[in-house]
Enquirer: 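Sending over a structure as structure tokens; questions will come in a sec.
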Amino acid sequence: GSASGSAIVQTGGSERLRINNSGNVGIGDSSPGVKLEVKESSANTVARFTGAATTQLEFKNATVGVFEINALATGLLSFGTGGTSDRMRIDSSGNVGIGSSNPTADGWSAANDLVINHNTGNSGITIKSGSSAFGQLVFNDAAGGLRGSIAYDHTNEQMSFATAGTGNRLLIDSSGN
């Protein structure tokens, strides 16, 4: 059927797909505002992509490059940018590698949940917080209790190290004391 210059596909008397006069496609949406709009009101799964070994979802800009998400047969999920397929990888155990295609092998076995790898230069993590706030790295145990922390207090320009949830064990101020 058609309405107002739109092509409409119906099954069982209900609209399932529409291509409007702007060329936008709506699946489950009778007024798509972008090239492809998919809506599902009754289920959690909206789309499924299945491949024989690797399933790839690719987003491509004609001038800048490509962003891709790859589901590999080995249970890995990888993210790529600019034509490089492994910028970040999550393995089947949930370990995350940034710049590492194998976080389990690139990290120390007791600390390979997150591995940041830059084989040809410096690597690092930045924690950015407000100018009158704290930036911190917190260590908890399985019961959810605070076991330790490394924190930087921007208001007082000091770094602190805490252990066993008892507060600061070491405090370094801006003069190094």
Side-chain angles (χ1 to χ4, degrees), residues 1-131 133-140 152:
S2 67
S4 306
S6 296
I8 299 169
V9 176
Q10 294 183 337
T11 61
S14 297
E15 181 176 323
R16 305 296 182 192
L17 180 134
R18 174 183 295 245
I19 303 172
N20 67 18
N21 57 5
S22 298
N24 296 338
V25 177
I27 300 173
D29 185 348
S30 61
S31 57
V34 295
K35 288 297 174 192
L36 176 61
E37 193 155 338
V38 180
K39 288 188 179 176
E40 174 58 58
S41 59
S42 63
N44 292 329
T45 302
V46 175
R48 179 173 289 132
F49 302 90
T50 304
T54 297
T55 301
Q56 182 177 40
L57 181 60
E58 188 175 281
F59 303 88
K60 190 167 188 171
N61 179 307
T63 59
V64 178
V66 67
F67 172 77
E68 60 188 44
I69 302 171
N70 299 293
L72 304 163
T74 55
L76 298 169
L77 181 64
S78 73
F79 300 85
T81 60
T84 301
S85 61
D86 276 330
R87 298 290 188 180
M88 181 173 83
R89 188 176 266 208
I90 303 171
D91 71 15
S92 61
S93 298
N95 298 322
V96 177
I98 299 174
S100 169
S101 62
N102 189 348
T104 302
D106 285 341
W108 180 49
S109 63
N112 60 7
D113 299 316
L114 172 62
V115 174
I116 299 172
N117 181 14
H118 193 295
N119 283 331
T120 60
N122 300 328
S123 290
I125 297 174
T126 298
I127 299 173
K128 185 176 181 179
S129 52
S131 59
F134 285 87
Q136 55 190 332
L137 181 60
V138 175
F139 303 90
N140 284 352
Y152 189 82

Enquirer: Is any side-chain heavy atom of Asn70 closer than 4.5 Å to a side-chain heavy atom of Leu76?
Expert: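 Side-chain contact under 4.5 Å: no.
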
Enquirer: Is any side-chain heavy atom of Val9 closer than 4.5 Å to a side-chain heavy atom of Ile19?
Expert: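 Side-chain contact under 4.5 Å: no.
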
Enquirer: Can you give each donor-acceptor pair under 3.5 Å made by side-chain atoms of residues 121-130, sequence neighbours left out, with the distance rounded to 0.1 Å?
Expert:
{"from": "Ser123", "atom 1": "OG", "to": "His118", "atom 2": "N", "distance (Å)": "3.2"}
{"from": "Ser129", "atom 1": "OG", "to": "Phe134", "atom 2": "O", "distance (Å)": "3.3"}
{"from": "Ser129", "atom 1": "OG", "to": "Gly135", "atom 2": "N", "distance (Å)": "3.4"}
{"from": "Ser129", "atom 1": "OG", "to": "His154", "atom 2": "NE2", "distance (Å)": "3.0"}

Enquirer: Can any side-chain N or O of Arg87 pair as donor or acceptor with the backbone N or O of Phe79 at less than 3.5 Å?
Expert: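 Answer holds: no.
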
Enquirer: In Å and rounded to the nearest 0.5 Å, what is the CZ to CD distance from Phe59 to Glu68?
Expert: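 It is 10.5 Å, given to the nearest 0.5 Å.
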
Enquirer: Go through the structure and list residues passing side-chain hydrogen bond (donor to acceptor under 3.5 Å, both in side chains) with Asn24, not counting sequence neighbours.
Expert: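 For Asn24, no residue satisfies side-chain hydrogen bond (donor to acceptor under 3.5 Å, both in side chains) once neighbours in sequence are set aside.
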
Enquirer: Looking at residues at least two apart in the chain, or sitting in another chain, which of them share a side-chain contact (heavy atoms from CB on, under 4.5 Å) with Val34?
Expert: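 Val34: side-chain contact (heavy atoms from CB on, under 4.5 Å) contacts with Glu37.
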
Enquirer: What residues form a side-chain contact (heavy atoms from CB on, under 4.5 Å) with Val138, not counting sequence neighbours?
Expert: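 For Val138, the residues satisfying side-chain contact (heavy atoms from CB on, under 4.5 Å) (neighbours in sequence not counted) are Gln136, Asn140, Leu146, Ser149.
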
Enquirer: So, Ser100 side chain and Asn102 main chain: donor-acceptor pair closer than 3.5 Å or not?
Expert: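 Answer holds: yes.
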
Enquirer: I need the Gln56 CD to Ile69 CD1 distance, nearest 0.5 Å.
Expert: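 Going from CD on Gln56 over to CD1 on Ile69, the span is 10.0 Å.
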
Enquirer: Under the rule for salt bridge (Lys or Arg N to Asp or Glu O under 4.0 Å), what residues qualify as partners of Asp29, not counting sequence neighbours?
Expert: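 Once residues adjacent in sequence are excluded, the partners of Asp29 under the salt bridge (Lys or Arg N to Asp or Glu O under 4.0 Å) criterion are Lys39.
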
Enquirer: Taking atom CG of Leu114 and atom CD1 of Ile98, what is their separation to the nearest 0.5 Å?
Expert: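 Separation between the atoms: 5.0 Å.
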
Enquirer: Can you sort out the partners of Ser42 under side-chain hydrogen bond (donor to acceptor under 3.5 Å, both in side chains), two or more places apart, ordered by chain and number?
Expert: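 Applying side-chain hydrogen bond (donor to acceptor under 3.5 Å, both in side chains) to Ser42 gives Glu40.
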
